[in-house]
Amino acid sequence: MITAQNKLGLIFFPAFDWAISPTHPEREERLLYTQDQLREEGVFDIAGVTEYKPLVASEEDVARVHFCLPDVASVITESHLISAGGAIKAGELVMDKTEQKAFALVRPPGHHAMKVVHGNRGFCNINIEAVMVERLRERYGPLRVAIVDTDCHHGDGTQDIYWHDPNTLYISIHQDGRTLYPGSGFTFEDGGPNARGRTINIPLPPETSDEGFLYAIERMVLPILTDFKPDLVVNSAGQDNHYSDPITNMNFSAQGYARLSELLNADIAVLEGGYSIQGALPYVNLGIVLAMAGVDYTAVREPTYDAACIEQPRNIMPFIKKVADEVLAAYFNPSGERGMPGNYDVRRKGVFYDTDMIREEQVESIMICDECAGTLKIETSSSANPLSLCVEIPIGACDRCRDEGLRIVHEGKKKKGKDYAHIVLINRRDREYVRT
Amino acid sequence: MLLGLDIGGTHTDVVAIGKDGIAASAKVVTNHDDLLASVTGALERVFSAIDVAAVDRINLSTTLSTNAIVERTTEEVGVIVSAGPGVDPQAHAVGNRYYAIAGSIDHRGTEVLPPAEGEIQKAVRHCLKNGVKVFAAVSKFSTRNPAHENRIRDIIQGNADFTTVGHELSGALNFPRRVSTAYFNSAVWRIFNRFADAIESGVVAHGIAPAINILKADGGTMPLAVARRIPVESILSGPAASVMGIVALCDIVEDAVVLDIGGTTTDIAIFADGAPLVEDGIELDERATLVRALKTRSIGIGGDSILAVSGTSVTAGPERRGPSMADGGSAPTLIDAFNVKKLAAYGDTAASEKGVRALAKKSGRSPEDLAGAAIDYAMRAIKEASDAMVRAINEKPVYTVHEVLEGKTIVPKRLYVMGGPARAFSDALAKRFGLPITVPEQYAVANAVGAALTHATMDIELFADTERGVMLIPFLNVNERVSGSYTLEHAKKDAQARLADHLAGLGVKSAECASEIIEAASFNMVGGWSTTGRNIRVKCQVKPGIVKGYRVG
C-alpha cells in the first residue's frame, strides 16, 4: 500500500457525454485514457488520495466574475457549470483543510474566457479558475492568490480578468505568442495601472524542453512567488507543452511536468488544455497526481519517450535567459506611466472568438485609485450582441469607486434602449450582480 | 430441496428449504481447527431429518480462505509481474517471492516492450528451487491485452501445480489490486481444493449428486468447479449470507437500510430500489482486492456491548466482555439496558436490573436514566454510521453531465433488522431513524436461508477497440478479432450472450442468470481530425438475487 505524503483530493470529471463537436479536440474521449491509466495504476487506492464529485457552480458564481452577454444562461452549458464546480470543490477542500492539496481534472477548460463573454474562444466559455477563486473570496474573505498557468497557450482570459487586481498575481508560461494561438502574452503585458507587475508573462520559444521549463520555474516563478507571499497558489495545469501534443510545438515531458508540479508546490491544480490524449495526458496527469501527493514519480515515462529526440536546441537557453531578465524586471521593477488617481485609464480592445466566430470591440476604462482595485467600466459590442455597458465595483472598493460605479450604471440606464442593449453590474462590495 | 450452510464465527447454521418452506435446520458450534468437521457435522444433522434424495443443491458459505489468509497459513506463491513505466511495481510487492520483470503494455493494449523471457525463466527456477508450487502472473493492462500474462503462464506451465493469471479474475483496471487478488487466489488454491474434494466425496457418500455452489462476498454463488479455479472469490462471504437472508425473508422494493445486529457488532447494508449495493473490491489483510462484495459496514455496537460511564457521558461498546447479565454475564450490557427500560424482557431481567443499578449508583444516576443514555448512545452511533454510508454512496463520483444532474439519490424508506437482539432494539431504532421497521420472523436463521436461496452471480467487462480490431472479455478468456463496423449494440449483445453461454456451460439454470448491462459506452477515437475507430466498454452482470418459488418469509 502506497501512502501519500500530502493528503490530495482529486476531482475527476471527464464529461463523457459532452463535446464541442464529434471530432473536436475537446470531445468525450479526451480524458478516457487518463482515467484508464489512473485506475490501472491504482491511484485512487493510494492512502491519502481521495476522489470527490464536482459541485455544480451556480449562475451567480459565473455572474460574480463575468459579464455574460446577453446573459449567463446563453453562453454556457451545464458542462461548464460542472467543470467550474469541480474547480470550486478543489478550492473548498483546501480552504476547509479537508485536504492539503487538490487537483481538478475537469473539462471543458477555461483560461481563454475573458471578463466579457460573448461566446466560446479557444475552447473556453467561462474561466473556471476565476469562478473558483472569486467564490472562495466571497466565502472565506480576502485572499492573496497566485495563479500559475502552465498551459502551452497564453492564458489571455485569466490575464484579462485579473489585469486590474493587485491581489491576484497571474503568471503565464507559454509558447511564444508569435508562433501560437492566441498570439499574446509578451513580457511587456504586465498588468493595468492599479496592478502593475501583477501580470507576468513568460514566453518560451518553440522546442523548449524540460531544461527550459524548469529553468523558468526555478529562476522566474519561484522567486516571484516567494516575494508575493500568496495565501493560495493555483496551477492552471494545461498539458499541451508535451512533445506529442498535436497543436503546439514544445518538447516538455511527463517527468518534466511532474518535477514542475513538485517545485511549484501549488495548493490547487486545475486541468486546462492538452490534446495528446493518448500519448501525453495519461502520463502527464499520472506524474502531476503523484508529484502533488508526494509519491515517487520517477518511473513515470511515456512509451514514446526518447530523450535524444526532444533535446533542447542550443540556441534556446540564451533566449530564455533574456526573457528571465525582462520577467524579473516586470515584477520587481514595474515601469510605465500611471495617470492621476480619480481619472480613467482607457484602452481599446478587439477580441476574436475563434470557436464561435464572433468579433468583439471593447472600450475599457479603469478608475485609477490608490485605495482599491478601481471601478471598471467596459462598453462592448460584438457580432453577437449590440453595444452594452458593463461595470464592476471591486471587492473592498473605496467609497468613491463604489459611488462612481453606481453613477455610471444610473446614467447608463437613462440611455438604455437607445445606447445600450444590456447593462450588467458586478458589485463585489455589496454582493449584488444585476442585469438590466 | 435447497440446502444452505453458513459457517459463522461462533456457529455453523444449516437449513433445508423445500417448496413449502423450511424443512429442517440445525446449528452446530464452529470448530475453527477443523472447518470440514463443522460442515459435515451440520450437514449430517439436516440429512438425518429430510429425504436426502430430494436435495437438488447445496450452497456453502465458508470462512476457510479468509481464515487462511488472515492467519497466514497460506502457501507461498511465486508472483511474477510485468509492469513497465508508472508507479514503481515494488510498491505492490506481496509475499516473499515477488519478481518484477521487464515488459510493458500501454493503456490501449499495445505492447511497448515484450516480456523479458530470460528474467521470467530465472524467477521460475528460483521459485522451484525453493519449493514454490503455485504462481501468479500479472501484467499492467492485461485486461486490454493478456499476452504477457499468458506468456508468463506458458513458461511456468508444467513446472507448477497452479498458476493464476490476473485477467481471468476480473476485467477491471487496477494493477495493484490485480496483483493482490492473483496472489491470494494462488495462496489459498490448494487448501480450498482439498476442502472441495472432501465436500464432494462427503456428498457422494450419501449417494446423491446435488449441484454444489460456494457463496461469494457479493451475495451470489459460484459453482464449485469455478471456485476451484478462483477460490479467492469465496472470501468474506459471511455478511452477504445474512443480507441475502433478509432479501429472502422480506419483500424489499424501496431504498432501505438493513441491520444485522450481533453480540459484538452491527453490520449495516444499504439497498437501492430493493437491491443490495455491491462495491467493486473488498479489502483483506490490509490489501485491496478486485473481489466484489456487498457494501456493508460493521460498527462495534451489539447486544453484548458493555456499558461504560465516563464523566457525564454514557457509552456502549465497542468492547464486549462476555454475555449480558441477563444471560449470566458479569457486567451490564446493552441488552441489560433494554431490560431496565422495559423495552425487552430477555433472560434474567432481575440480574439486568441489579447490574445497571450498581453501575448507575457509582455515577449518581438512576438506573433508568443510565440505561436510557446508553441506548441513546448506541442508537445514535448506528444512525450516524448508516447516514455516513448513504452519504458516501450519494457522493460517489460520476463521469457524465447527465449523471451529475440527474443521478439517483438514495433516501432510505424502511429499516430491516435481524440478528439475536433485533427485537429488543427495534422500537429504539425506529424512533431514532424515524422510519418504519420490519423484523422478519425467522431472523435467527436468516444467514442460512440467504445461503440456501441465493443464486449465481457473475460480472464481466467487455472491451473492444475497432481501430486495433480486438474484442476482449478477460474474465471469460475471450480474445477475438472484430471489424471496423463493430458497434456498441454488437458489444452489448455479445456481452450478454457470452455470459449466458458461460453460465449455461456451468450448469446454472437460465432462469437464475438473467443478466443486465450496468455500464455501456462507446467513444469515437479520433486521429488528427477524423474518426479512426471506436473504443467500446460494456459491463454486464448477473446481480445477486433469490431463487423464485421458495420464499419463506
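This is a predicted model, so every value here is computed, not measured. Letters A, B, ... are given to chains in the order of the sequence lines, protein chains preceding strands, and every chain is numbered from 1.
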Q.
Would you say that A/Glu78 contacts B/Leu405 through its side chain, given a criterion of any heavy-atom pair below 4.5 Å between the two side chains?
A. yes
Q: Could you grab the distance from atom CZ of B/Phe141 to atom CD of A/Glu41, nearest 0.5 Å is fine?
A: 6.5 Å
**Q.** Engaged part of A/Gln278 at the chain B interface, taking heavy atoms whose separation is under 4.5 Å
**A.** both
Q: May I have the step-by-step check of side-chain contact (heavy atoms from CB on, under 4.5 Å) for B/Glu395 and A/Tyr52, ending in yes or no?
A: CA-CA 7 Å; B/Glu395 280 299 304; A/Tyr52 294 89; over 6 Å; no
Q.
With a 4.5 Å cut-off on side-chain heavy atoms, are A/Arg301 and B/Val112 touching?
A. no
Q) Angle class for the A/Phe12/B/Tyr399 ring planes (parallel below 30°, perpendicular above 60°, tilted otherwise)? A) perpendicular
(Q) With heavy-atom distances below 4.5 Å as the criterion, would you say the side chains of A/Thr23 and B/Asn524 are in contact? (A) no
Q: Tell me, with the steps shown, if A/Arg39 and B/Asp280 meet salt bridge (Lys or Arg N to Asp or Glu O under 4.0 Å).
A: CA-CA 12 Å; A/Arg39 282 184 170 171; B/Asp280 273 337; over 6 Å; no
Q | Residue list, ring pair (Phe, Tyr, Trp, His ring centres under 6.0 Å) with B/Phe523, at least two apart or on another chain | A | A/Phe16
Q. Is it the side chain or the backbone of A/Pro14 that comes within 4.5 Å of chain B heavy atoms, both, or neither?
A. both
(Q) Using heavy-atom distances under 4.5 Å, tell me whether A/Asp45 contacts chain B through its side chain, its backbone, both, or neither. (A) side chain
Q | Exam field: side chain B/His107 to backbone A/Thr34, donor-acceptor pair closer than 3.5 Å | A | no
Q.
Can a donor-acceptor pair be found, under 3.5 Å and without considering hydrogens, that links the side chain of A/Lys53 to the backbone of B/Val404?
A. no
**Q.** Options B/His92, B/Arg144, B/Lys396, B/Arg108, ranked by heavy-atom pairs under 4.5 Å with chain A, top entry
**A.** B/Arg108
Q) A/Glu40 and B/Asn174: which non-hydrogen atoms are nearest, and at how many Å? A) OE1-N, 2.8 Å
